[in-house]
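This report refers to the structure that appears directly beneath it.
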Amino acid sequence: MKLIIAIVQDEDASRLVSNLMNEGYSVTKLATTGGFLRAGNTTLLLGVEDDKFQGAMDIIEKVCKSRKQIATAPSSMSGMGGTSYSPIPIEVTVGGATVFVLTVDQFLKL
Ligand code: 2BA
């Protein structure tokens with residue numbers, strides 16, 4: 001059995017959960033925040049049997065789109081009035097999905 005941890009964009013999360021549930025996967029959805037953009041994203045936990053693993057990965061890949069987002073990076077400028085810090089907008093490409101796959105030692109429902 002594998003544990004899939006998939007970090008996806010909020011915009012894709014409900015469609016992804018629906019698609020996974022329709023195909024018989026159990027899903028836990030967590031509201032999370034990305035460290036770089038400090039914006040909300042969604043983390044899904046899926047425990048899947050080995051023979052259903054690739055099916056789940058295919059659904060994640062099909063549903064999750066990459067998008068461009070604007071982030072602000074701090075920058076410093078030195079002048080006569082000293083040093084000032086102003087945010088500079090930068091464009092980053094986020095997603096489709098950041099996926100971690102772990103082998104599960106034990107799966108218990110107590
Ligand atoms: P964030 O940390 O908010 O990152 C959003 C996007 O900003 C990233 O998209 C990447 O394109 C860019 N980015 C992140 N760190 C950067 C940096 N130091 N310099 C320049 N650009 C940077 P994704 O790579 O698609 O990641 C989407 C979200 O997945 C991340 O949101 C984070 O919540 C999670 N994530 C990605 N890699 C991770 C990892 N190795 N461990 C844990 N979480 C991760």
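In listed order, ligands and their atoms are each counted from 1. Being a predicted model, the structure only gives us computed values, none of them experimental.
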Task: atom 25 (O) of ligand 1 - nearest protein heavy atom and its distance - done: Gly95 N, 2.7 Å
Open item on the list: Can you name the atoms of ligand 1, numbered from 1 with element, that are less than 4.0 Å from a heavy atom of Phe100?
Closed with: 39 (C), 41 (N), 42 (C)
Open item on the list: Would Gly35 count as a contact residue for ligand 1, given that I'm defining contact as a non-hydrogen atom of the residue lying under 4.0 Å from a ligand atom?
Closed with: yes
Open item on the list: For the residue pair Glu23 / Asn19, report whether a side-chain donor-acceptor contact shorter than 3.5 Å exists.
Closed with: no
TODO: Please say whether more than 12 non-hydrogen atoms of neighbouring residues, nucleotides or ligands are located less than 6.0 Å from CG in Asp50.
DONE: yes
Task: Min N/O separation Phe36 to ligand 1 under 3.5 Å - done: yes
Task: Contacts of type side-chain contact (heavy atoms from CB on, under 4.5 Å), residue Ser18, not counting sequence neighbours - done: none
- [ ] Give the numbers and elements of all ligand 1 atoms closer than 4.0 Å to a heavy atom of Gly34.
- [x] 1 (P), 2 (O), 3 (O), 31 (O), 33 (O)
- [ ] Spell out, as yes or no, whether a donor-acceptor pair under 3.5 Å connects the side chain of Thr32 to the backbone of Asn41.
- [x] yes
TODO: Please identify which atoms of ligand 1 are closer than 4.0 Å to at least one heavy atom of Thr93.
DONE: 9 (O), 10 (C), 11 (O)
Open item on the list: How far is atom 3 (O) of ligand 1 from the closest protein heavy atom, and which atom is that?
Closed with: Leu37 N, 2.9 Å
Task: Part of Ile7 within contact of ligand 1 (heavy atoms, under 4.0 Å) - done: side chain
Open item on the list: Applying a heavy-atom cut-off of 4.0 Å, say which part of Asn41 lies close to ligand 1: side chain, backbone, both or neither.
Closed with: side chain
Task: Residues Thr42, Leu30; criterion side-chain contact (heavy atoms from CB on, under 4.5 Å); working and verdict - done: CA-CA 6 Å; Thr42 298; Leu30 307 171; over 6 Å; no
Task: Structural part of Thr98 in contact with ligand 1, heavy atom criterion under 4.0 angstrom - done: side chain
- [ ] Could you tell me the residue and atom name of the protein heavy atom closest to atom 6 (C) of ligand 1, and the distance to it rounded to 0.1 Å?
- [x] Val94 CG2, 3.9 Å
- [ ] Indicate yes or no: does Arg67 engage Asp12 in a salt bridge with an N to O separation below 4.0 Å.
- [x] yes
Task: By salt bridge (charged side-chain N to carboxylate O under 4.0 Å, His left out) - contacts of Arg15 (at least two apart) - done: none
TODO: Treating Ile, Leu, Val, Met, Phe, Trp and Tyr as nodes and any side-chain heavy-atom pair under 4.5 angstrom as an edge, say whether Leu45 and Ile7 lie in one connected cluster.
DONE: yes
